[in-house]
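Please read the structure below before turning to the comments.
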Amino acid sequence: HVAVLCTTATLAWGVNLPAHAVIIKGTQIYNPSKGEWTELSPLDVLQMLGRAGRPPYDTQGEGIILTRHSELQYYLSLTNLQLPVESQLIKTLPDHLNAEIVLGTVQSMDEAVDWISYTFLYVRMLKNPS
């Protein structure tokens with residue numbers, strides 16, 4: 001039985017242990033590709049907080065986020081699930097579309113447009129073109 005576990009953000013992403021309380025002390029991580037400190041992504045925060053109050057080990061859990069005051073509204077909206085989920089397909093769209101072409105699923109421009117229209121990327125681009 002582990003009473004307290006303190007980890008880095010990297011280890012916390014991979015820990016598969018239930019907990020009654022999860023405390024995120026600091027919400028910035030260094031992003032070497034940008035060369036600067038950036039906020040944890042909403043998915044990472046929810047992944048870490050999701051360890052708290054796991055059935056059948058606990059009936060409820062607590063999540064505590066320690067962050068800068070300037071980020072308070074961001075994390076309040078995150079915990080109230082008011083942030084939109086955005087598609088990440090655009091980053092690898094050429095790879096996926098080329099795979100569909102190789103498989104024979106897409107054989108023309110019209111079929112490519114039709115294929116994209118079935119993606120979450122298409123749905124989000126209609127609502128948020130930028």
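The first residue of the sequence shown is numbered 1, and numbering continues consecutively from there.
Residues Thr27 and Tyr75 approach most closely at CB-OH, 3.2 Å, considering heavy atoms. Closest approach of Asp58 to Gln60, counting heavy atoms only: CG-O, 3.1 Å. A pairwise comparison of heavy atoms in Glu86 and Gln88 identifies O-NE2, 3.4 Å as the closest pair.
The closest donor-acceptor contact from the side chain of Glu71 to the backbone of Thr67 lies at 3.5 Å or more, if one exists at all. Between the side chain of Asn31 and the main chain of Lys34, a donor-acceptor pair closer than 3.5 Å is present.
Side-chain heavy atoms closer than 4.5 Å link hydrophobic residues (I, L, V, M, F, W, Y) into clusters, and following such links, possibly through other members, connects Ile29 to Met48.
In this structure the side chain of Leu66 reaches within 4.5 angstrom of the side chain of Ile23, judged on heavy atoms. Side-chain atoms of Val22 and Ile64, non-hydrogen and from C-beta on, never get closer than 4.5 Å to each other. Inter-residue side-chain proximity for Ser87 and Tyr122 is flagged as unmet; no heavy-atom pair is nearer than 4.5 Å. Asp114 places a side-chain heavy atom less than 4.5 Å from the side chain of Ser117. With contacts defined as side-chain heavy-atom distances shorter than 4.5 Å, the pair Leu121/Ile90 qualifies.
Rounded to the nearest 0.5 Å, atoms CD (Gln28) and OG1 (Thr38) are 7.5 Å apart. If you take OG1 on Thr119 and CE on Met125, they are separated by 9.0 Å, rounding to the nearest 0.5 Å.
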Taking distance alone, no hydrogens or angles, what donor-acceptor pairs closer than 3.5 Å link side-chain atoms of residues 95-103 to residues at least two apart or in another chain?
residue	atom	partner	partner atom	Å
His96	NE2	Thr92	OG1	3.2
Asn98	ND2	Pro94	O	3.2
Glu100	OE1	Thr105	OG1	3.1

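Residues that satisfy the salt bridge (charged side-chain N to carboxylate O under 4.0 Å, His left out) test with Glu39, not counting sequence neighbours, are Arg68.
For the 3.5 Å distance criterion, the side chains of Asp110 and Ser108 fail to qualify, holding no donor opposite an acceptor.
Sorted by first and then second residue, the pairs that involve residues 21-46 and meet ring-ring contact (aromatic ring centres under 6.0 Å, His included), not counting sequence neighbours, are Tyr30-Trp37.
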* To do: Given side chain to side chain contact (heavy atoms under 4.5 Å, CB included), test Leu72 with His69 step by step and report yes or no.
  => CA-CA 5 Å; Leu72 180 62; His69 191 268; 4.2 Å; yes
* To do: Check the pair Leu89 / Ile116 against side chain to side chain contact (heavy atoms under 4.5 Å, CB included), numbers first and verdict last.
  => CA-CA 10 Å; Leu89 180 61; Ile116 290 173; over 6 Å; no
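Within 6.0 Å of the CZ atom in Phe120, the count of heavy atoms belonging to other residues, nucleotides or ligands exceeds 12.
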